[in-house]
Amino acid sequence: MVARIVSRRLVILAVAALALAMPSLARPSAHAAASVELVAPTVDFGRVRPGSSHTATFVLRNSGAAPVSVRAAVPSCKCTNVGLEPGAVIPAGGEFSFSATLAVPTTPGDKDAKIQIVLDDGSAPLVAQMKSVAALPIAASPAFVDALKGKTSGTVTIRSEDGKPFKVLSTDGLTPVFLGFDPSTDAPRAEYTLVWSFTPPATGDPRLWWIVATDREDAPLVALRVRNEATGSKADMARFERHWWVPEQLVLANRAKPGEPVTLTVDLEHYNPKARGAVERPEWAAVKSVQGLSTGATASFVKAVPEGDHVAVTFTLTPSASVSGFLWVPVQVTTDTGSGIVPVVAFVAR
């Protein structure tokens, strides 16, 4: 939810900055007739797997008597790679095709991205959109924990899409509490109703996710976002000072073995809304260390690869030799501007 809000703010700021740089774009002529249209402005990929990438092809059609050039194509988030460069020309009476790729986050939930296309004919920007729902073979309904307005408990239903029975091994590291099911006497099912509970801490960052561990190899961990007043933008206030944040706010290591390292990557994104995204502290991207803040595992920094206003941080997580079952590790990433925490979750078994 937070990632979506920030991404939309960033695209608004980007388009506003473009308008300031090009005054003619700030006030499109009321007489500018739009001759270019997107043939199919929305592509819906439907249900897809978390962490996957999907490419769409968009077509710009020019029904006018003069060619029209593209001034800019601004994506709403860095999850989108746009194959439309400034200067591309849509010929008079013709078409121009371009591709865009949506990188789906590793956590379940709705994911959409928009591309603002600014043309040189003075018309309003066109908007191309890609939509998807990141879903595991085990789906949750609702796909979140609704702990808003003082709610501390509730239920969620999980079921396998293929109808195959499975076992629930734990819920947020604890013994599952079922409604209408007794695991000691009843056979495994394809659907369960689980009871959740949530109490925000008096101090410190709250748990942003409620994790269900299953025996399915293709869905070992099912993450549900916790919706609570403390888990929104208030969850990481230090991001304003250090000038970066973690958009996905969770790393799923899935199945791991005790004593054996797992290589993982977390994405850091530049964050400076007070200055409309301006890079005032370039040292924000200088990663110094990665450290696991738990006795259950150690974390070691491998490398950091900067790309624009993002940095891909690769590290290893090694569960302790004595650990088994559900593992939640707060991993601290430190750059020259400060430290931030991202939780890493695994289910450890030999």
Side-chain angles (χ1 to χ4, degrees), residues 1-4 6-7 10 49-53 77-81 102-109 111 134 136 204-211 220-226 231 233 235-256 260-272 281 283-294 296-319 326-348:
M1 179 172 62
V2 178
R4 221 173 272 159
V6 173
S7 294
L10 289 176
R49 292 292 177 245
S52 59
S53 294
C77 71
K78 292 299 179 180
C79 63
T80 307
N81 182 28
L102 175 67
V104 180
T106 58
T107 51
K111 180 62 183 178
L136 291 166
D205 289 342
R207 292 276 283 265
L208 306 182
W209 302 88
W210 192 72
I211 313 292
L221 298 173
V222 181
L224 285 78
R225 186 69 158 84
V226 176
T231 64
S233 61
D236 180 20
M237 297 302 291
R239 69 189 185 278
F240 288 95
E241 298 302 321
R242 67 172 185 261
H243 287 210
W244 60 264
W245 74 307
V246 181
E248 290 194 19
Q249 301 174 303
L250 180 68
V251 176
L252 294 177
N254 291 314
R255 297 208 180 278
E260 296 188 12
V262 180
T263 301
L264 304 167
T265 300
V266 62
D267 189 48
L268 310 185
E269 182 178 340
H270 180 255
Y271 187 86
N272 189 17
R281 303 186 67 185
E283 70 274 20
W284 76 269
V287 180
K288 298 170 63 177
S289 66
V290 176
Q291 180 184 3
L293 304 182
S294 168
T298 59
S300 299
F301 175 51
V302 176
K303 65 178 179 179
V305 180
E307 183 179 349
D309 59 358
H310 284 240
V311 176
V313 181
T314 301
F315 64 98
T316 59
L317 183 85
T318 305
F326 182 81
L327 177 65
W328 176 287
V329 182
V331 170
Q332 178 177 275
V333 181
T334 301
T335 76
D336 279 349
T337 57
S339 300
I341 303 294
V342 58
V344 179
V345 184
F347 195 86
V348 183

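Count residues from 1 along the sequence.
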Practice problem: Could you tell me the separation between the CG atom of Leu250 and the CD1 atom of Ile211, rounded to the nearest 0.5 Å? | Solution: 5.0 Å
Hey, can you pull the donor-acceptor pairs under 3.5 Å for the side chains in residues 333-343, sequence neighbours left out?
{"residue": "Thr334", "atom": "OG1", "partner": "Ser339", "partner atom": "OG", "Å": "2.7"}
{"residue": "Thr335", "atom": "OG1", "partner": "Trp244", "partner atom": "NE1", "Å": "3.0"}
{"residue": "Thr335", "atom": "OG1", "partner": "Trp284", "partner atom": "O", "Å": "3.1"}
{"residue": "Thr335", "atom": "OG1", "partner": "Thr337", "partner atom": "N", "Å": "3.2"}
{"residue": "Thr335", "atom": "OG1", "partner": "Thr337", "partner atom": "OG1", "Å": "3.0"}
{"residue": "Thr337", "atom": "OG1", "partner": "Arg242", "partner atom": "O", "Å": "2.6"}

Quiz item: So how far is it from Tyr271 OH to Asp309 CG, rounded to the nearest 0.5 Å?
Solution: 13.5 Å
Self-check item: Min side-chain heavy-atom separation Gln291-Phe301 under 4.5 Å
Solution: no
Quiz item: Do the side chains of Arg225 and Leu208 get nearer than 4.5 Å, heavy atoms only?
Solution: yes
Quiz item: Of all heavy-atom pairs between Trp245 and Pro247, which one has the smallest distance, and what is that distance?
Solution: O-CD, 3.5 Å
Quiz item: Looking at CD of Glu248 and CG of Asp267, how far apart are the two atoms once the value is rounded to the nearest 0.5 Å?
Solution: 7.5 Å
Practice problem: Check whether any side-chain heavy atom of Leu102 lies under 4.5 Å from a side-chain heavy atom of Lys111, and answer yes or no. | Solution: yes
Quiz item: Which atoms form the tightest heavy-atom contact between Gln249 and Trp209, and what is the distance?
Solution: O-NE1, 3.2 Å
Quiz prompt | Candidate pair Val262 and Thr318, rule side chain to side chain contact (heavy atoms under 4.5 Å, CB included), full reasoning | solution = CA-CA 6 Å; Val262 180; Thr318 305; over 6 Å; no
Practice problem: Measure across Leu264 and Leu252 and return the closest heavy-atom pair with its distance rounded to 0.1 Å. | Solution: CD2-O, 4.4 Å
Practice problem: Quick one: closest heavy-atom pair of Glu241 and Arg281, and the distance? | Solution: O-NH1, 2.9 Å
Quiz prompt | Contact summary for Val345 and Leu221, nearest pair of heavy atoms | solution = O-CD1, 3.6 Å
Quiz item: Is the side chain of Arg239 donor-acceptor paired with the backbone N or O of Asn272 at a distance under 3.5 Å, no angle test?
Solution: no
Quiz item: So, for Val329 and Gly292, which heavy atoms are closest and what is the spacing to 0.1 Å?
Solution: CG1-CA, 4.2 Å
Exercise. Measure the spacing between CD of Gln332 and CG of Leu293 and express it to the nearest 0.5 Å.
Key: 5.0 Å
Practice problem: With rounding to the nearest 0.5 Å, note down the distance linking CZ in Phe326 to CZ in Phe347. | Solution: 9.5 Å
Quiz item: If you round to the nearest 0.5 Å, how far is CG of Leu327 from OG of Ser294?
Solution: 6.0 Å
Quiz item: Do the side chains of Val305 and Lys303 get nearer than 4.5 Å, heavy atoms only?
Solution: yes
